[in-house]
Peer 1: 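The structure is given below, and queries will be raised subsequently.
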There are 2 protein chains.
Amino acid sequence: MTAAIALDVGTFAALGEPNRLRMVELLRGGPRAVGEMAEALGIRQPQVSKHLKVLGEAGLVSVEAVARRRIYRLEPAPFAAMAHWVDSFEALWSQRLDAMGDVLASLDDA
Amino acid sequence: MTAAIALDVGTFAALGEPNRLRMVELLRGGPRAVGEMAEALGIRQPQVSKHLKVLGEAGLVSVEAVARRRIYRLEPAPFAAMAHWVDSFEALWSQRLDAMGDVLASLDDA
DNA sequence: GTCAAATATTCCTTGAGGAGAATATGTGCC
DNA sequence: GGCACATATTCTCCTCAAGGAATATTTGAC
């Protein structure tokens, strides 16, 4: 029995800041060094480091030192936890999607 | 082709507050009036109303007036958007889960 | 060891947001 | 119309977090 990974509020709090969400979207394309992210996002390096610290404390990213650069990558666990959590809300929209299906069908007919 | 519902940072920001997350978890069990939520969570009514306002502005809840009470319920759309978004990260952990599968298998053996 | 590149940390200022208390608004009841 | 219940709004205080600028730290190159 896989103990469901607990979802932390901190995950949402960390992602609830625009620049941090952008950073996560960027890291979605693969690991990056701090400087690359700063340039790609048009944010000053210190801010990037600070946001990475927050993301790290939330467990969303991990670091690997390569030469004098630090490569950050997304950490799967919190995302898996989020997926599990939000999927448990599926009952919320599944019934409504039935009704919405009719609407979409009628649109397809047009 | 279903136009993917855009995920808003505000969704995370709204859920990134402990009491608001608790309120969402509570509403997960069905629609509730303000007073019920206040009592169930041990939060004063004005705070509940304020948090509901934030949740409403983020599109996470909707209201229905019944007599002199206001029934709040979860709104499916943002949760569906979150589910879609977080699922797009699946590639992140799917490979690692292969490796993790071996670990889990070895644990099962023990 | 010295210098330069890459990143982290500190200090400061400012603004946003949450809690508490009081009050306003709305709505049904008689 | 007046009253009581349910909810929303306002105000104040306070804490925290984000951005900017400067600086410290680490590490590689020579």
Side-chain angles (χ1 to χ4, degrees), chain A residues 7-75 78, chain B residues 7-75 78:
Chain A
L7 178 61
D8 190 32
V9 194
T11 305
F12 291 124
L15 295 174
E17 204 281 330
N19 283 327
R20 280 199 291 268
L21 185 56
R22 292 174 63 211
M23 293 173 65
V24 168
E25 300 270 21
L26 181 62
L27 287 177
R28 196 172 168 281
R32 311 272 164 119
V34 179
E36 301 177 47
M37 306 187 64
E39 188 185 10
L41 299 177
I43 309 176
R44 302 173 192 276
Q45 176 266 319
Q47 319 296 338
V48 174
S49 285
K50 288 187 228 178
H51 283 309
L52 283 171
K53 186 177 183 180
V54 176
L55 290 173
E57 287 168 349
L60 286 163
V61 300
S62 59
V63 211
E64 176 196 7
V66 170
R68 50 186 156 181
R69 295 191 302 171
R70 313 204 68 189
I71 310 298
Y72 283 84
R73 77 184 64 239
L74 292 183
E75 205 57 31
Chain B
L7 177 64
D8 190 32
V9 193
T11 304
F12 291 124
L15 294 175
E17 204 280 329
N19 283 327
R20 280 198 292 267
L21 185 56
R22 291 175 62 210
M23 293 174 64
V24 168
E25 301 270 19
L26 182 61
L27 287 177
R28 195 172 169 280
R32 311 274 164 118
V34 179
E36 301 177 48
M37 306 186 62
E39 187 185 11
L41 300 176
I43 310 177
R44 300 172 194 276
Q45 175 266 318
Q47 320 296 339
V48 174
S49 286
K50 288 188 232 177
H51 283 309
L52 284 170
K53 185 177 184 180
V54 176
L55 291 173
E57 288 170 349
L60 286 164
V61 300
S62 60
V63 210
E64 176 196 6
V66 170
R68 50 187 156 181
R69 295 189 303 169
R70 314 204 67 190
I71 310 298
Y72 283 84
R73 77 183 63 238
L74 292 183
E75 204 58 31

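Every chain is numbered from 1, with letters handed out A, B, ... down the list of sequences.
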Peer 1: Show the atom names and distances, to 0.1 Å, of all donor-acceptor pairs under 3.5 Å that link a side chain in residues 46-60 of chain B to residues at least two apart or in another chain.
Peer 2:
unit_1, atom_1, unit_2, atom_2, d
B:S49, OG, B:Q45, NE2, 3.1
B:H51, ND1, B:R20, NH1, 3.2

Peer 1: D:dA6 P sits how many Å from B:L52 CG, rounded?
Peer 2: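 So the two atoms are 16 Å apart, to the nearest Å.
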
Peer 1: Does A:Y72 place a side-chain N or O at less than 4.0 Å from the phosphate oxygens OP1/OP2 of C:dA8?
Peer 2: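 Looking at the OP1 and OP2 atoms of C:dA8, one of them is under 4.0 Å from a side-chain N or O of A:Y72.
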
Peer 1: Hey, what bend do you get for the helix from C:dG1-D:dC30 to C:dC30-D:dG1 if you fit axes on five pairs at each end, rounded to 10°?
Peer 2: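 Roughly 20° between the end axes, to the nearest 10°.
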
Peer 1: I need the minimum non-hydrogen distance between A:L27 and A:Y72, along with the two atoms involved.
Peer 2: CD2-O, 3.4 Å

Peer 1: Nearest whole angstrom, please: distance from the C1' of D:dT7 to the CD of B:E36.
Peer 2: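 In whole Å, D:dT7 C1' and B:E36 CD are 13 Å from each other.
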
Peer 1: Go through the structure and list residues passing side-chain contact (heavy atoms from CB on, under 4.5 Å) with A:P18, not counting sequence neighbours.
Peer 2: B:V9

Peer 1: Which side-chain hydrogen bond (donor to acceptor under 3.5 Å, both in side chains) pairs, counting each pair once, include a residue from residues 27-39 of chain B, with sequence neighbours left out?
Peer 2: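 Those involving residues 27-39 of chain B are A:S88-B:R28.
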
Peer 1: Please report the interatomic distance CZ(B:R73) to CD(B:E64), rounded to the nearest 0.5 Å.
Peer 2: 5.0 Å

Peer 1: Whole angstroms only, please: what is the NZ-C1' distance between A:K53 and D:dG19?
Peer 2: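 Computing the A:K53:NZ to D:dG19:C1' distance gives 16 Å.
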
Peer 1: Just by protein heavy atoms under 4.0 Å, how would nucleotides 19-30 of chain C read 5' to 3' in B, S and -?
Peer 2: BBSB-----S--

Peer 1: Measure the distance from CD on B:E57 to C1' on D:dT9 and round it to the nearest whole Å.
Peer 2: 13 Å

Peer 1: Check whether more than 12 heavy atoms from other residues, nucleotides or ligands sit under 6.0 Å from atom CZ of A:R69, and answer yes or no.
Peer 2: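 Not more than 12 within 6.0 Å, no.
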
Peer 1: Rounded to the nearest 0.5 Å, what separates atom CG in A:L26 from atom CG in A:L41?
Peer 2: 5.0 Å

Peer 1: Not counting sequence neighbours, which residues clear side chain to side chain donor-acceptor pair (under 3.5 Å) with A:D8? List them please.
Peer 2: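 A:D8 satisfies side chain to side chain donor-acceptor pair (under 3.5 Å) with no residue once adjacent residues are dropped.
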
Peer 1: Rounding to a whole Å, what distance do you find between A:R22:CZ and D:dA18:C1'?
Peer 2: 15 Å

Peer 1: Do any side-chain nitrogens or oxygens of A:R70 fall under 4.0 Å of OP1 or OP2 in C:dA8?
Peer 2: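 Answer is yes, contact under 4.0 Å.
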
Peer 1: Measure from CZ on B:R69 to C1' on D:dA4 and round the result to the nearest Å.
Peer 2: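 So the CZ-C1' distance, B:R69 to D:dA4, works out to 15 Å.
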
Peer 1: Whole Å only: how far is the CG atom of A:L41 from the P atom of D:dG19?
Peer 2: 12 Å

Peer 1: So which heavy atom on B:E75 is nearest to which on B:P78, and how close?
Peer 2: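 In terms of heavy atoms, the two residues are closest at O-CD, 3.2 Å.
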
